[in-house]
Every structure is written in structure tokens, then in C-alpha cells.
Amino acid sequence: MARPRVLSGIQPTADSFHLGNYLGAVRQWVTLQETHDAFYCVVDLHAITVPTEPAALRRRSRVAAAQLFAAGLDAERSTVFVQSHVREHTELAWILICLTGMGEAGRMTQFKDKSAKFGESAASVGLFTYPILQAADILLYQANAVPVGADQKQHLELTRDLGQRFNHRFGDTFTLPEPYILKEVEKITDLQDPTAKMSKSSSSPAGILDVLEQPGPLRKKIMRAVTDTGTEVLFDEENKPGISNLLRIQSALTATPIPELVARYEGQGYGTFKKDVAEAVLETFAPIRERTEKLLSDEKELDRLLAVGAERAATVARQTMAAVRDRVGFLPTL
Ligand code: TYM
């Protein structure tokens with residue numbers, strides 16, 4: 001039997017992934033390539049929904065791809081590609097845009113959050129249609145599951161709605177995908193504001209742990225992470241959101257259940273615990289950083305791997321689009 005298919009994407013909008021991207025998404029991508037037919041893309045078309053410098057976009061797209069391989073994706077087992085290399089994404093997005101209600105798109109909370117930053121009238125129409133392009137990414141590959149963090153739930157619901165609407169109106173065409181979200185790591189929070197999600201657009205870099213950052217600054221940020229009054233290492237999201245976040249991180253990185261960690265640090269205070277969290281983060285990030293640097297030192301080879309991925313992805317995308325065009329009523333090209 002064919003393996004179930006997964007698809008996910010990550011934006012090349014920063015010079016490094018952060019711990020939230022890694023624990024919430026990329027680590028699962030690596031695991032799933034063992035059991036699934038895996039498609040992962042660097043979503044550069046999504047990146048330009050906010051103003052972006054061409055040179056920065058080029059650099060960050062390569063850095064993103066390199067980090068994916070460095071984190072453990074294997075170009076043989078996974079199809080790793082750049083979204084803009086497969087033209088069918090934009091074509092399907094247009095068709096889905098025409099099936100989406102204005103009100104439906106307007107309810108997307110990520111759009112509301114992001115557009116609030118620019119002022120709603122300054123935000124691009126592309127930003128408004130961002131979730132519909134994401135739906136196209138997923139439906140194009142007939143994905144069964146989509147590994148993401150909790151912030152993507154609403155976009156996946158929209159994806160299912162649009163897939164279902166298309167199937168209903170034009171005949172069965174798309175697989176409806178399920179979210180693949182691991183509860184324990186679905187929302188890693190900011191070290192300085194432990195009730196907010198760790199995010200590239202966060203106001204303070206002190207709250208973000210970048211995968212490609214040097215050990216010194218990483219250690220410092222963890223030691224200075226906002227904790228709570230009191231001294232006990234306890235999991236209590238309500239009263240101790242900072243310590244709870246660090247516990248979640250430590251648990252995920254060392255494969256140790258949280259109650260075991262709580263027992264281990266009993267009576268030891270925050271300092272010892274934070275030092276160990278820092279060690280776990282450094283141990284995870286250092287090899288990824290080294291491999292990323294190595295991959296980036298040979299751009300030609302990296303671009304070649306991405307070209308192989310694009311070709312494999314396009315084979316699937318073309319097949320889906322041939323059916324979509326016909327069902328919508330577009331004339332065949334002779
Ligand atoms: P992006 O680049 O913003 O985020 C990439 C992935 O990282 C997850 N993530 C987190 N998980 C846990 N805790 C956090 N603090 C945290 N911050 C980010 C995100 O949930 C995401 O899984 N819209 C997508 C990109 C996309 C996509 C797709 C995803 C475009 N097309 C198709 C899946 C399928 C996004 O948020 O990227």
C-alpha cells in the first residue's frame with residue numbers, strides 16, 4: 001500500500017529558524033519522512049506577502065533549505081523544494097481564491113494580527129489571501145496530514161473547507177488533510193513574554209532562541225528567561241508560564257517526561273535547571289548550525305538538491321492541476 005502523504009511549509013522570512021519552528025514543526029518533519037511520503041517546501045511566495053528585499057529573500061530561502069537538510073531531512077526520502085519553483089501553487093491559489101468568501105478570509109486571525117501591525121489598509125491583498133495560498137500548497141499534493149504548530153489550526157480548517165467546497169461543486173478531486181499537531185510542543189512561548197508564542201516578529205530578540213545563533217548568546221538568553229517569583233521548578237501554566245515553557249522545552253529535547261524533570265529539580269532552584277536547559281538547547285542546535293554552514297558553503301549543490309525536489313513536486317502538482325483545470329471548465333491546450 002502507498003504511504004500516506006504529508007506536506008508542510010516554512011517561510012524564509014528570517015536568517016534562522018527559531019526553537020518554536022524546530023520543536024513545533026521541523027522535528028516532526030524529520031520523523032515523518034520515515035513513515036510517510038513527505039513533501040516540504042520553503043514558502044517564498046508566502047514570504048513576499050510582506051515587504052521583502054530581493055537579496056534577503058534569496059539568502060533566506062537558501063538558509064531555510066540548508067537548515068531543513070541540516071536538521072535531518074534527507075533529499076532521497078523527502079521531497080524538499082522551493083514553492084515558487086512549482087508554478088501550480090499560484091494557479092491553484094487563484095482558483096481557490098475565487099471559491100473563498102470575503103467574510104471567510106476576513107476571519108483569519110493571523111491576518112488580523114499581522115495587518116494590525118501595518119494598519120489594515122497598508123497590508124497587501126496578498127497578505128489577505130495568504131491562507132488560501134497555503135490551502136493550495138496542501139491540496140495540490142493530496143496530503144493526508146500536515147505537521148504544524150497550533151497557530152496553523154485555523155488555516156488548516158480553511159483548507160479542509162475549500163477542498164470540500166471544490167469537491168462538492170466540481171466532483172471529488174482533493175484529499176481532505178488532517179492537522180498533525182503534537183500537543184506537548186504545539187506552542188513554544190517567548191522567553192521574555194512566556195504567554196506569547198515565540199515568533200520571528202516578536203519585539204525583543206531576547207525572547208527568541210535561534211537555531212543558528214552562537215552558544216554564548218543562547219546560553220545568556222536562557223539564563224535570563226523570565227521566570228516567576230518563587231524558587232520551585234513546577235509545571236503550572238497558569239502561575240508559572242515561564243518555568244512551564246522551559247520544562248516543555250527540556251522535556252522535548254531530552255525525551256524525559258515533565259514529572260520526572262520536576263522530581264529531578266526538587267529543592268534545586270531555577271539556576272541549575274536553566275543551566276541544564278541551556279545545555280540541551282546547545283547540544284541540539286550546534287550540529288544543525290555546523291551542517292547548515294557546510295551546506296551553505298556549496299550553493300551549487302544546494303540549488304541542485306532543490307531542483308531535484310522541484311521536479312519531483314511538479315510531477316504531482318501537474319497531475320492534480322490537469323484534473324482541476326478540466327473540472328473547472330477550462331479548455332484543454334492542444
Ligand atoms: P512559519 O514559517 O511561520 O512557521 C513554520 C512552522 O513553525 C510553527 N511554529 C511554531 N510551533 C510551535 N511553537 C511556536 N512558537 C511556533 N512558531 C512557529 C508553525 O506552526 C509552522 O508549522 N503558514 C505556515 C507556512 C505554510 C504552510 C503551508 C504550512 C505555507 N504553506 C502548507 C503547512 C502547509 C507558517 O506558519 O510558517
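We count residues from 1, following the sequence as given. Remember, it's 1-based here, ligands and their atoms both numbered in the order they're listed.
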Rounded distance [0.5 Å steps], OH in Tyr180 versus CG in Leu32: 4.5 Å
Partner set under side chain to side chain donor-acceptor pair (under 3.5 Å) for Lys300, not counting sequence neighbours: none
Intermediate values then yes/no, salt bridge (charged side-chain N to carboxylate O under 4.0 Å, His left out), Glu213 and Lys221: CA-CA 11 Å; Glu213 206 163 2; Lys221 286 183 188 180; 2.8 Å; yes
Lys114 to Tyr130 six-membered ring, cation-pi geometry met (6.0 Å, 45°): yes
Derivation and outcome, side-chain hydrogen bond (donor to acceptor under 3.5 Å, both in side chains), residues Asn144 and Glu178: CA-CA 6 Å; Asn144 302 99; Glu178 297 290 339; over 6 Å; no
Would you mind listing each N/O atom of ligand 1 next to any protein N/O under 3.5 Å, plus the distance?
residue: ligand 1; atom: 2 (O); partner: Gln11; partner atom: N; Å: 2.9
residue: ligand 1; atom: 2 (O); partner: Lys200; partner atom: NZ; Å: 3.1
residue: ligand 1; atom: 7 (O); partner: Asn21; partner atom: ND2; Å: 3.2
residue: ligand 1; atom: 11 (N); partner: Gly20; partner atom: O; Å: 3.2
residue: ligand 1; atom: 13 (N); partner: Ile188; partner atom: N; Å: 2.9
residue: ligand 1; atom: 15 (N); partner: Ile188; partner atom: O; Å: 2.8
residue: ligand 1; atom: 15 (N); partner: Met198; partner atom: N; Å: 3.4
residue: ligand 1; atom: 15 (N); partner: Met198; partner atom: O; Å: 3.0
residue: ligand 1; atom: 20 (O); partner: Gly149; partner atom: N; Å: 2.9
residue: ligand 1; atom: 20 (O); partner: Asp151; partner atom: OD1; Å: 2.5
residue: ligand 1; atom: 22 (O); partner: Gly149; partner atom: N; Å: 3.3
residue: ligand 1; atom: 23 (N); partner: Tyr130; partner atom: OH; Å: 2.7
residue: ligand 1; atom: 23 (N); partner: Gln134; partner atom: OE1; Å: 3.0
residue: ligand 1; atom: 23 (N); partner: Gln152; partner atom: OE1; Å: 3.0
residue: ligand 1; atom: 31 (N); partner: Asp137; partner atom: OD2; Å: 2.6
residue: ligand 1; atom: 36 (O); partner: Gln152; partner atom: NE2; Å: 2.8

Stepwise side-chain hydrogen bond (donor to acceptor under 3.5 Å, both in side chains) check, Gln134 with His46: CA-CA 8 Å; Gln134 181 169 350; His46 279 105; 4.9 Å; no
